J.: 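One structure coming up, written as structure tokens, with questions to follow.
None of these values were measured; they are calculated from a predicted model. Every heavy atom of this structure was used, including side-chain atoms; hydrogens, water molecules and symmetry mates were not.
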Amino acid sequence: PIALRGSDAAARALEAAYGKPVARMGSGGSIPLGARLRAAYPDASFVLWGAQDGDLSRIHAANESVALDEAATIALAEALLLEALGDPAR
């Protein structure tokens, strides 16, 4: 589901890090980590982000890569999200 506790904070963090509006979409969902986290912590909400620099990344293919600036930007978004979730005024 896209509308989880913290999803608005996640959208704001992504917008601040990337400097443009967030496009909401669902994809994947079959990775074992998500199911295991849900089973272990059924009352928790999760945000799973991955760095992907478009077609150049070739996710899960030969010569998979991630641009360092993309990794830095997604790390900034995660830091902003954690900051927001730790501040009850946000």
J.: A62: which residues meet the side chain to side chain contact (heavy atoms under 4.5 Å, CB included) condition with it, sequence neighbours left out?
T.: none
J.: Tell me every residue that passes side chain to side chain contact (heavy atoms under 4.5 Å, CB included) with A9, counting only those two or more places apart in sequence or in another chain.
T.: R12, L81, A84, L85
J.: L14 pairs by side-chain contact (heavy atoms from CB on, under 4.5 Å) with which of T73, I74, V47?
T.: I74
J.: Quick one: side chain to side chain contact (heavy atoms under 4.5 Å, CB included) partners of L82, sequence neighbours excluded?
T.: E78
J.: Taking V22's backbone N and O only, do any of them form a donor-acceptor pair with E15's side chain (distance below 3.5 Å, no angle check)?
T.: yes
J.: Determine yes or no for a side-chain-to-main-chain donor-acceptor pair under 3.5 angstrom, with R38 supplying the side chain and F46 the backbone.
T.: no
J.: Are Y18 and L76 close enough that some pair of their side-chain heavy atoms sits under 4.5 Å apart?
T.: no
